[in-house]
Student: 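Okay, handing you the structure first.
Sequential numbering from 1 along the given sequence is applied to the chain's residues.
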Amino acid sequence: MEGEPVNVNEFQELARQALPKIYYDYYSGGAEDEYTLKQNVEAFQGITIRPRILVDVSRIDLSTTVLGYQISVPILIAPSAKHKWAHPEGEVATARAAAVCDTIMILSYRSTCTIEEVASSCNAVRFFQCYVYKRRDISANLLQRAERCGYKAIVLTVDSPRLGRREKDIKNKMVNPQLKNFEGLISTRVSTDIGWLRSITNLPVLLKGVLTHEDAIKAVEVGVDGIVVSNHGARQLDYAPPTISVLEEVVSAVKGKIPVLFDGGIRRGTDVFKALALGAQAVLIGRPAVYGLAAKGEYGVKRVIEMLRDELELTMALSGCPTLNHITRKHVRTKHERPRSML
């Protein structure tokens with residue numbers, strides 16, 4: 001690929017060229033047939049934008065808040081594992097890029113840099129992603145370290161009682177002893193886990209991995225502070241729905257009681273716009289950030305965020321939305337909605 005990438009998708013090819021196949025396959029792969037992996041991206045194509053005109057869009061404001069923390073753009077870095085496989089500086093480079101872009105990074109519990117290294121690398125708002133282990137002392141240790149280091153929220157992933165079958169990793173004979181040790185260690189009693197988390201940390205808790213109306217209602221009932229609509233980047237259950245197709249269902253169930261964030265398949269500013277129109281407060285990006293990191297380190301992650309920000313700003317201007325609050329459900333039409341004739 002010649003020259004500087006002009007969109008986020010081009011970073012994927014740069015990452016493929018830069019990485020050993022085993023690492024690229026790890027980052028890019030999904031579960032089994034990878035149906036959901038493809039659909040996470042392609043489902044956005046079934047949603048069209050309904051632009052409004054005669055609106056003053058001379059100034060566009062992309063800022064918002066998540067759990068009360070001000071960010072410059074509604075795009076967060078999703079928790080993803082092993083950034084040092086992508087670049088020697090690992091999660092520290094990703095954290096610095098997020099800080100420069102004035103947004104939030106969610107550090108994975110499977111980070112290849114320590115909680116402390118990332119915390120001391122730059123000054124920014126950061127969240128910490130975790131699971132609740134059956135051995136609660138493991139979880140307690142990680143959470144207390146994160147809180148001590150100034151992380152501002154806990155993102156509890158709840159869609160992985162077992163690991164999904166990722167066949168590219170199996171074919172590549174990926175040596176990952178952690179995965180075997182991981183099996184059976186995760187607690188599946190989410191409601192009691194939330195109560196226990198509350199007893200050991202004062203940080204707000206976001207629940208990541210919600211895909212249904214029923215689980216959204218349950219999440220509100222057990223008292224979480226927010227939801228992340230996510231299918232784990234299509235790495236867990238193949239033929240789970242693409243996340244954009246269930247976002248509105250979850251938002252409807254929550255009834256505005258807690259914020260809903262969105263994760264999965266974001267590759268364009270128009271994708272961000274569509275997710276916001278369907279009720280997300282902000283979106284998370286996983287693979288695009290890792291591809292940027294693999295291709296160009298901290299600068300690559302920064303460019304990925306900036307590209308999505310610039311595309312979102314242009315989409316808002318062309319759609320008649322000077323602020324994020326102006327983006328409404330009326331600005332999009334899903335493929336299930338028929339255009340209403342004025343005749």
Side-chain angles (χ1 to χ4, degrees), residues 63-83 90-133 139-160 190 193-194 196-198 200-210 219 223-230 232-233 243 258-264 266 275 280-290 293 301 304-305:
S63 66
T64 189
T65 59
V66 173
L67 297 182
Y69 295 102
Q70 184 88 16
I71 52 176
S72 67
V73 63
I75 301 166
L76 286 67
I77 302 288
S80 56
K82 301 186 173 82
H83 286 201
E91 288 81 4
V92 162
T94 309
R96 286 178 176 150
V100 167
C101 294
D102 192 18
T103 192
I104 295 168
M105 174 189 180
I106 305 171
L107 182 69
S108 168
Y109 90 107
R110 293 174 71 195
S111 165
T112 40
C113 297
T114 67
I115 291 168
E116 292 78 10
E117 284 169 340
V118 173
S120 63
S121 67
C122 55
N123 188 27
V125 174
R126 268 179 295 275
F127 298 168
F128 181 69
Q129 176 259 345
C130 71
Y131 298 81
V132 173
Y133 290 96
S139 303
N141 173 265
L142 292 171
L143 294 174
Q144 285 157 0
R145 284 168 60 196
E147 189 164 5
R148 202 161 50 237
C149 288
Y151 290 72
K152 301 301 185 189
I154 301 301
V155 177
L156 178 66
T157 297
V158 292
D159 58 11
S160 307
V190 172
D193 291 340
I194 301 296
W196 176 75
L197 279 177
R198 293 267 184 244
I200 65 157
T201 179
N202 294 317
L203 296 178
V205 177
L206 292 148
L207 211 60
K208 181 173 182 284
V210 175
V224 299
D225 300 286
I227 283 173
V228 183
V229 176
S230 172
H232 211 106
T243 41
I258 53 175
V260 176
L261 307 184
F262 173 85
D263 171 61
I266 297 284
Q281 187 168 347
V283 305
L284 280 55
I285 56 168
R287 288 184 180 91
V290 172
L293 181 66
V301 181
V304 163
I305 298 169

Student: Enumerate the salt bridge (charged side-chain N to carboxylate O under 4.0 Å, His left out) contacts for residues 111-131, please, sequence neighbours excluded, ordered by first and then second residue.
Tutor: E116-R145
Student: Can you list everything that forms a side-chain hydrogen bond (donor to acceptor under 3.5 Å, both in side chains) with T94? Sequence neighbours excluded, please.
Tutor: H83
Student: Give the minimum heavy-atom separation between E91 and C113, together with the two atoms involved.
Tutor: OE1-N, 3.1 Å
Student: Please round to the nearest 0.5 Å and tell me the distance separating atom CD of Q281 and atom CG of L67.
Tutor: 7.5 Å
Student: Applying side chain to side chain contact (heavy atoms under 4.5 Å, CB included) to V73 and C101, what does each step give before you reach the verdict?
Tutor: CA-CA 8 Å; V73 63; C101 294; 5.5 Å; no
Student: Please name all residues satisfying side-chain contact (heavy atoms from CB on, under 4.5 Å) with S108, sequence neighbours left out, ordered by chain then number.
Tutor: P79, A81, R110, Q129
Student: Can any side-chain N or O of D225 pair as donor or acceptor with the backbone N or O of L206 at less than 3.5 Å?
Tutor: no
Student: Do you know the tightest heavy-atom contact between Y109 and Y131?
Tutor: CE2-CE1, 3.0 Å
Student: How long is the gap from CD1 on I154 to CG on L207, to the nearest 0.5 Å?
Tutor: 12.5 Å
Student: Just to verify, what does D102 make a salt bridge (Lys or Arg N to Asp or Glu O under 4.0 Å) with, not counting sequence neighbours?
Tutor: none
Student: Under the rule for side-chain hydrogen bond (donor to acceptor under 3.5 Å, both in side chains), what residues qualify as partners of E147, not counting sequence neighbours?
Tutor: T201
Student: Just to verify, what does I71 make a side-chain contact (heavy atoms from CB on, under 4.5 Å) with, not counting sequence neighbours?
Tutor: T64, V66, L76, T103, I104
Student: Counting only pairs under 3.5 Å, give me each side-chain donor-acceptor contact of residues 282-289, with atom names and distances, residues two or more places apart or in other chains.
Tutor:
{"residue": "R287", "atom": "NE", "partner": "Y27", "partner atom": "O", "Å": "2.8"}
{"residue": "R287", "atom": "NH1", "partner": "G233", "partner atom": "O", "Å": "3.1"}
{"residue": "R287", "atom": "NH2", "partner": "G29", "partner atom": "O", "Å": "2.9"}
{"residue": "R287", "atom": "NH2", "partner": "G233", "partner atom": "O", "Å": "2.9"}

Student: Hey, could you give me the NZ/OG distance between K208 and S230, rounded to the nearest 0.5 Å?
Tutor: 3.5 Å
Student: List the residues meeting side-chain hydrogen bond (donor to acceptor under 3.5 Å, both in side chains) with N141, not counting sequence neighbours, and say none if there are none.
Tutor: none
Student: Would you please name every residue forming a side-chain contact (heavy atoms from CB on, under 4.5 Å) with S120, sequence neighbours left out?
Tutor: none
Student: Using side-chain hydrogen bond (donor to acceptor under 3.5 Å, both in side chains) as the criterion, list what pairs up with R148, not counting sequence neighbours.
Tutor: none
Student: Does C149 form a side chain to side chain contact (heavy atoms under 4.5 Å, CB included) with I115? I'd like the steps, not just the answer.
Tutor: CA-CA 8 Å; C149 288; I115 291 168; 4.1 Å; yes
